[in-house]
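Residue numbering restarts at 1 for every chain, and letters A, B, ... go by the order of the sequence lines. Keep in mind that this is a model prediction, so the values were computed, not measured.
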Amino acid sequence: DVKVTQSSRYLVKRTGEKVFLECVQDMDHENMFWYRQDPGLGLRLIYFSYDVKMKEKGDIPEGYSVSREKKERFSLILESASTNQTSMYLCASTRGGGRAGELFFGEGSRLTVL
Amino acid sequence: GNSVTQMEGPVTLSEEAFLTINCTYTATGYPSLFWYVQYPGEGLQLLLKATKADDKGSNKGFEATYRKETTSFHLEKGSVQVSDSAVYFCALIGGSQGNLIFGKGTKLSVKP
């Protein structure tokens with residue numbers, strides 16, 4: 001069964017802490033994405049990557065960075081967490097090409113910043 | 001830029017009722033359109049898609065037709081079940097790498 005796995009379902013961090021959210025996919029997909037999901041706002045794209053070591057900013061990259069050292073792993077980093085980054089974070093991957101838009105999502109990581 | 005507008009929820013229906021969730025889009029050209037579903041406690045999963053005008057996507061009894069005249073992609077189901085209770089997201093392709101632009105989501109609750 002194909003899978004996108006996010007390392008933590010629930011995290012509680014303090015303001016100013018550095019936070020790592022990890023995502024691993026086992027489908028050999030080229031493209032990976034990080035979205036945040038907030039009530040009333042839907043999903044908003046933070047960053048995406050279309051190849052190892054390649055990254056592109058999405059709609060709301062401020063306060064975030066990403067790392068893709070291996071094809072299967074895409075990490076989201078909050079350098080200094082703030083309370084307005086309390087949210088649900090969703091990782092997704094896709095093969096692209098003719099399957100563009102057919103994203104496979106992880107179960108999400110709910111981050112609370114105190 | 002490209003955008004998606006969905007009807008606001010929540011939508012509450014009785015079992016076996018007819019469902020329509022409206023979705024309209026603004027886009028350059030004719031991008032592929034999608035419906036995703038998020039069941040409680042889970043990530044999103046693809047429900048159906050349509051890649052060109054007049055295409056009908058269908059899955060699990062749900063249907064949506066790509067209407068370029070009205071720039072719409074409304075989701076319909078003839079008879080909903082309690083197990084259809086979820087949040088539904090309309091989306092379109094935002095770029096060449098397959099990133100999606102999502103609507104805000106519509107929460108559906110189906111009562112027995």
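Only the side chain of A:Leu45 comes within contact range of chain B, with at least one heavy atom under 4.5 Å from a heavy atom of that chain. Contact annotation for A:Gln37: only side-chain heavy atoms (C-beta onward) come within less than 4.5 Å of a heavy atom of chain B. If you measure heavy-atom distances from A:Arg9 to chain B, the contacts under 4.5 Å come from the side chain alone.
In the displayed structure, B:Glu8 atom CD is contacted under 6.0 Å by at most 12 heavy atoms of other residues, nucleotides or ligands. Heavy-atom contacts from other residues, nucleotides or ligands closer than 6.0 Å to OH of A:Tyr10 number 12 or fewer. A 6.0 Å sphere centred on NZ of B:Lys77 holds more than 12 heavy atoms belonging to other residues, nucleotides or ligands. Residue B:Gln81 qualifies as enclosed at atom CD: its count of foreign heavy atoms under 6.0 Å is above 12. Within 6.0 Å of atom NZ in A:Lys71, more than 12 heavy atoms from other residues, nucleotides or ligands are found, so the atom counts as buried in its surroundings. Within a 6.0 Å radius of CZ in A:Arg110, other residues, nucleotides and ligands contribute 12 heavy atoms or fewer.
Between atom CG of residue A:Leu90 and atom CZ of residue B:Phe102 there is a gap of 8.5 Å, rounded to the nearest 0.5 Å. Atom CG of A:Asp59 and atom CD1 of B:Ile101 lie 6.5 Å apart (nearest 0.5 Å).
Cluster annotation: B:Leu75 is connected to B:Val4 through the hydrophobic network of ILVMFWY side chains, with a link wherever side-chain heavy atoms come within less than 4.5 Å. A:Met88 and A:Leu21 fall into different hydrophobic clusters, where Ile, Leu, Val, Met, Phe, Trp and Tyr residues are linked whenever their side-chain heavy atoms come under 4.5 Å apart, directly or through other members. In the hydrophobic clustering of this structure, B:Leu108 does not group with B:Phe89; members are Ile, Leu, Val, Met, Phe, Trp, Tyr whose side-chain heavy atoms approach within less than 4.5 Å, directly or through other members.
Contact annotation: the side chain of B:Leu100 never approaches that of A:Phe33 to less than 4.5 Å [non-hydrogen atoms, C-beta and beyond]. Residues A:Tyr35 and B:Asn99 form a side-chain contact, since some pair of their non-hydrogen atoms from C-beta on lies under 4.5 Å apart.
Contact residues of residues 21-48 of chain B toward chain A are B:Phe34, B:Tyr36, B:Gln38, B:Gly41, B:Glu42, B:Gly43, B:Leu44, B:Leu46 (heavy-atom distance under 4.5 Å).
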